[in-house]
Amino acid sequence: MNTKAEQSKGGNAADIGKLVLAALVLAAGIFAYSWFSNDAGIPQSVRLVGVLAALVAALAIGAFTGPGRRVRHFLTESQFEMRKVVWPTRDETLKTTGIIMVVVVILSLLLGLIDLILKSVVLDWLLKLGK
């Protein structure tokens, strides 16, 4: 049983305001990118940097909300769990892949043989009984 206290699902007014501000900052960055697309004096790389800066600012604003803290907590726990994973060695991976390929070939040959037998039984024997 989980001993952690459950957090409320609803957001308070400050969190909602921060999320709205983050969405506005991101929308402003995208709007500026498209607004200045016809201006030859502003290169595309500068416009792209502007959108990326707006994205980073929106993520930074959103990170300090309740949902943002939960996402950060989830990511840190995920990284901690990933350190516990034991990955197979190259040799184990190659051997497992080889075994799977052999099993696939054997099963495909068996299914093909069963299909051939059923085809010959149905088409040659059962359908010719009525003639």
Side-chain angles (χ1 to χ4, degrees):
M1 186 158 185
N2 193 355
T3 59
K4 294 181 181 178
E6 284 195 34
Q7 299 174 352
S8 64
K9 298 290 182 195
N12 60 14
D15 284 346
I16 293 172
K18 288 177 191 175
L19 289 174
V20 168
L21 178 64
L24 288 174
V25 167
L26 183 60
I30 294 170
F31 177 76
Y33 180 83
S34 64
W35 181 267
F36 293 114
S37 64
N38 296 331
D39 191 357
I42 300 174
Q44 183 176 0
S45 59
V46 172
R47 291 186 299 128
L48 186 60
V49 167
V51 170
L52 291 176
L55 177 65
V56 168
L59 288 175
I61 293 169
F64 292 105
T65 63
R69 282 187 290 276
R70 285 194 296 273
V71 167
R72 285 186 307 184
H73 182 69
F74 173 77
L75 291 175
T76 56
E77 284 185 0
S78 297
Q79 288 176 337
F80 179 72
E81 291 296 325
M82 286 297 288
R83 285 187 224 125
K84 295 181 190 178
V85 175
V86 178
W87 297 100
T89 63
R90 179 177 169 83
D91 190 44
E92 291 172 339
T93 304
L94 290 175
K95 285 180 182 177
T96 305
T97 304
I99 290 170
I100 289 172
M101 291 172 82
V102 168
V103 168
V104 166
V105 167
I106 290 172
L107 286 177
S108 64
L109 290 174
L110 284 173
L111 288 174
L113 180 64
I114 291 171
D115 182 53
L116 184 65
I117 291 171
L118 287 175
K119 180 185 135 215
S120 66
V121 166
V122 170
L123 291 179
D124 294 340
W125 294 354
L126 294 177
L127 293 179
K128 289 186 180 181
L129 286 177
K131 290 184 180 179

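We count residues from 1, following the sequence as given. Note that this is a predicted model, so its numbers are computed, not measured.
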K.L.:
Does any N or O in the side chain of R69 come within less than 3.5 Å of the main-chain N or O of A63, such that one atom is a donor and the other an acceptor?
P.N.:
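Side chain of R69 to backbone of A63: no pair is present.
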
K.L.:
Would L19 end up clustered with L24 when hydrophobic side chains under 4.5 Å apart are linked, directly or stepwise?
P.N.:
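Result: no, two separate clusters.
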
K.L.:
I need the minimum non-hydrogen distance between A54 and G29, along with the two atoms involved.
P.N.:
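It is CB-CA, 3.7 Å.
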
K.L.:
Any link between V46 and F36 through a network of hydrophobic side chains (Ile, Leu, Val, Met, Phe, Trp, Tyr) touching at under 4.5 Å?
P.N.:
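Linked, V46 and F36 end up in one cluster.
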
K.L.:
Applying a strict under-4.5 Å side-chain criterion to I, L, V, M, F, W and Y, I'd like to know whether V56 and Y33 cluster together.
P.N.:
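As far as the 4.5 Å side-chain criterion goes, Y33 and V56 are not connected within one cluster.
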
K.L.:
Measuring only between side-chain heavy atoms, which start at C-beta, is V102 closer than 4.5 Å to I106?
P.N.:
yes

K.L.:
Using 0.5 Å steps for rounding, measure from the CG atom of L118 to the CG atom of L111.
P.N.:
10.5 Å

K.L.:
Is it the case that one hydrophobic cluster holds both L109 and I117, taking links as side-chain heavy atoms less than 4.5 Å apart, direct or via other members?
P.N.:
no

K.L.:
Do F31 and L52 belong to the same hydrophobic cluster, where Ile, Leu, Val, Met, Phe, Trp and Tyr are linked whenever their side-chain heavy atoms lie under 4.5 Å apart, directly or via other members?
P.N.:
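No; L52 is not reachable from F31 via cluster members.
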
K.L.:
What pair of heavy atoms forms the shortest contact from G62 to A22, and how long is it?
P.N.:
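For G62 and A22, the tightest heavy-atom pair comes out as N-CB, 4.3 Å.
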
K.L.:
Between G66 and D15, what is the shortest heavy-atom contact and its length?
P.N.:
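Heavy-atom minimum between the residues: N-OD2, 3.1 Å.
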
K.L.:
Are D91 and K95 close enough for a salt bridge, meaning some N to O gap below 4.0 Å?
P.N.:
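Result for this pair is yes, salt bridge flagged.
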
K.L.:
Look at E81 together with K84 and state whether they make a salt bridge at an N to O cut-off of under 4.0 Å.
P.N.:
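A salt bridge is present here (some side-chain N lies under 4.0 Å from a carboxylate O).
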
K.L.:
How many angstroms lie between atom CZ of R70 and atom OG1 of T65, to the nearest 0.5 angstrom?
P.N.:
8.0 Å

K.L.:
Can you check whether M82 reaches W87 side chain to side chain, under 4.5 Å on heavy atoms?
P.N.:
yes

K.L.:
Looking at side-chain heavy atoms only, is the closest gap between R47 and W35 below 4.5 Å?
P.N.:
no

